[in-house]
There are 2 protein chains.
Amino acid sequence: MLKVITMHQASEMIYDTFEPLCQYETVSLPESFGRVLAEDIIAKENIPPSDRSMVDGYAVRACDTFGASEAIPALLRLSGEIAMGEMPREPISEHCCVKIPTGGFLPAGADAAVMIEYTDLLPDGTVCVKKPAAPGSHLVLCGDDVRKGQRILKAGSVIGVGETGALAALGEYAVPVTKKIRVALFSTGDEITEINRADSEGQMRDVNRYALRALIEKYGGTVVDLGIIPDEEEKLREAVLKGIQSCDMVVFSGGTSAGTRDFGERVLEKNGRILWHGLAVKPGKPTLAAEVSGKPVLALPGHPMAACLIFMILGKTVMCALEDRKMSDKKVSAESSQSVSANDGRELILPVFLKGGKAVPVRSKSGLITKLSQADGYIIVSRNCEGLSEGEKVEVTLF
Amino acid sequence: MLKVITMHQASEMIYDTFEPLCQYETVSLPESFGRVLAEDIIAKENIPPSDRSMVDGYAVRACDTFGASEAIPALLRLSGEIAMGEMPREPISEHCCVKIPTGGFLPAGADAAVMIEYTDLLPDGTVCVKKPAAPGSHLVLCGDDVRKGQRILKAGSVIGVGETGALAALGEYAVPVTKKIRVALFSTGDEITEINRADSEGQMRDVNRYALRALIEKYGGTVVDLGIIPDEEEKLREAVLKGIQSCDMVVFSGGTSAGTRDFGERVLEKNGRILWHGLAVKPGKPTLAAEVSGKPVLALPGHPMAACLIFMILGKTVMCALEDRKMSDKKVSAESSQSVSANDGRELILPVFLKGGKAVPVRSKSGLITKLSQADGYIIVSRNCEGLSEGEKVEVTLF
């Protein structure tokens, strides 16, 4: 029997054991998409640097428009025009206005913009403003978006579309990021074959190496593929040590259940230190983790669904710990579409899809991998509860 | 004033105007991650090909274990062992059992597996089974995961982790995918500068080209960067035609408002056919779309938040139409954290973040781009309603 720990304990053990690698590099902004920011980004200036108009129209002194209406418009003298990208030199005079495009900078004295749709321009250069403007209306004020000295992005953030836009707005073309984590990956088991070989009787295609590779790349890692390792202690030892030498982390699947051919624990015990062997979770009980030469080794169950779900939770945790990255799991609330019984002292990881505010378990007795493509995320049913009732609020972690 | 159409009308116009490109290629499974599947994937065999055990233990005839208990175990004779990846030749005899690992194939006659934890093996080779097994228990049956002839994945699906696993399980190493869409991208405006130039007074950094590039790559496209185009009709015309010649689609931002320097509409009218100029949506009203030599041109507002939000909706629609891809927006339900007033005949695209089941609007008067990094998705407030009340159920489209 395995001595089991909870996923929470496993996660704490990961953070207690492994330090961030602190390996950084600088890449161009377009290359930084999807990478992990290595430093806080502090604004070096105000954005916008001065008040600007949000509409095409006229920059005005708001007080000159008070009381204006369709019937009795405010009459202002057009005293000039501001071009996009131009910083106006002249202040605006009383009862005057200046033509301004969307994004144009306001002249001194002006404190509002009026939309061209609510004005008429007469041939003599008089602008009729048919709606009063409150001070500040249709303006973006200096520093509205970003204040000088403000921290805009935190070290450890993953650079997405919004972050890319923020970095561009701040003029950060050279972006400090963490180096991609190199992950040595292999599958174990005499019964496992390459997927493009004709399936011989009884053999199983190596689903895990492809699915785990996709996950590792999704989480920003680089895979060093060590192939399929047969059930021989020496071969397993060689693969683990090769991975440790060339990579930041080793991941393999299979060979960890209490069955006949379990070399995983023995190899890791002899060459490093076991962190845990056995998780109080379903699926994923026979998960093993170790530290070899200071580097993490994660041995996942052979079952593809179990291997993927555990990697999504604990594999990602290891990668985040090594990269000093925020765990950025997106969670949403939903109602359980049906009652689910708890699992007898083990947490239950239940893949679900979302439909009309409900979390519907992806049913599959065997939990085989093709079902995973139907799921939007997973819920965790605690080990200390009776289970879920229909309609109970649950938190779905999205894939 | 612009003649405006709704986003729904715009989306229909896109599908009415542009046919799928139908350009395919074959890539290896690891390279197919994130790509769009070009053909339905039909299972050529049953998975598993025969019944297999889900536990380490013994394959039994269930009827031989009926009535077994801790006190009075069923006594079975151990008649052999099945190795992983081996297809058993001999059927199982009455009152016999065969040792079996997780994933091992059952011999003929066996119809259940018992977990090793509920058995004792006596020195004479008798196995004491202390719990009765129902027929089918702890088994994955032949075809449980995949039935021969079943459509497992649909053409047009994006290949994620689950799809990668399914393709591996089916032995599909060479994957038919659509060719990546090539998108010519540029920004327009005399006031726009490269982001890594020192910000001269009044100039604006080119946020859009970087944020839109990230979005296009996120949606599986390849960007051909045409840089920043000044406000000159001839230069804009050259850029559009260069994009049309070398790419599947042209996207640019700026130069589409009713301001002074609007060449976009003129250029597109002269060289192609305008689909619409003006959307009944906020932000994003001055969006323009055209067809030039049968290819789509999307001219987005200069405002970065507006440009990104419109691209997330309509730019993605164009890409999906060209690729014959399912629009795979992930939507979740939430409650509005506050009341929001409707926008006077225009749909409102409101970026929100999710917090404890609530959708909280990302507040920003100017809607500037750095705020986008705080949002998890957006909600759309219909043009035909009074707005949202606090606590009202909303549908959040996740980024």
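What you see is a predicted model, and the numbers here were worked out from it, not measured in a lab. Residue numbering restarts at 1 for every chain, and letters A, B, ... go by the order of the sequence lines.
More than 12 heavy-atom neighbours from other residues, nucleotides or ligands sit within 6.0 angstrom of CZ on A:Phe33. Environment of NZ in A:Lys316: crowded, with over 12 heavy atoms of neighbouring residues, nucleotides or ligands closer than 6.0 Å. With a 6.0 Å radius and a threshold of 12 heavy atoms from other residues, nucleotides or ligands, B:Phe399 has its CZ atom above the threshold.
The minimum heavy-atom distance linking B:Gly356 with A:Lys393 is given by the pair O-NZ, 4.2 Å. Minimum heavy-atom separation, B:Ala211 to A:Gly165: CB-CA, 4.2 Å. Looking at every heavy atom in both residues, B:Ser373 comes nearest to A:Leu153 through OG-CD2, 4.2 Å. Closest of all the heavy-atom pairs between B:Thr164 and A:Tyr210 is CG2-O, 3.4 Å.
Note: B:Gly171 leads B:Ala166, B:Gly171, B:Gly357 in heavy-atom pairs under 4.5 Å with chain A. Here B:Ala169 is the residue among B:Pro351, B:Ala169, B:Gly103 with the most heavy-atom pairs under 4.5 Å with chain A. Chain A forms more heavy-atom pairs under 4.5 Å with one residue of B:Lys331, B:Lys218, B:Lys355, B:Gln374 than with any other, namely B:Lys218.
Two residues are said to be in side-chain contact when any heavy atoms from C-beta on lie closer than 4.5 Å; B:Asp145 and A:Lys371 meet this criterion. Between B:Met204 and A:Met84, some side-chain heavy-atom pair lies under the 4.5 Å cut-off.
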(message) The test is side-chain contact (heavy atoms from CB on, under 4.5 Å); show your working for A:Lys330 and B:Asp376 and say whether it passes.
(response) CA-CA 8 Å; A:Lys330 207 163 277 178; B:Asp376 293 315; 3.7 Å; yes

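Proximity to chain B is absent for every atom of A:Leu212, based on heavy atoms less than 4.5 angstrom apart. Using a 4.5 Å cut-off between heavy atoms, B:Leu215 contacts chain A through both its backbone and its side chain. Contact annotation for B:Ile159: neither backbone nor side-chain heavy atoms come within less than 4.5 Å of a heavy atom of chain A. For chain A, the nearby part of B:Leu170 is the backbone; its heavy atoms alone come within less than 4.5 Å. Residue contact with chain A, scored on non-hydrogen atoms closer than 4.5 Å, involves the side chain of B:Arg52 exclusively. Only the backbone of B:Glu172 comes within contact range of chain A, judged by heavy atoms closer than 4.5 Å.
Here the CG-CG distance, from B:Asn196 to A:Leu29, works out to 9.5 Å after rounding to the nearest 0.5 Å. Taking CD from B:Glu191 and CD from A:Glu86, the interatomic distance works out to 11.5 Å, rounded to the nearest 0.5 Å.
Using a 4.0 Å cut-off between charged nitrogen and carboxylate oxygen, A:Glu45 and B:Arg205 count as a salt-bridge pair.
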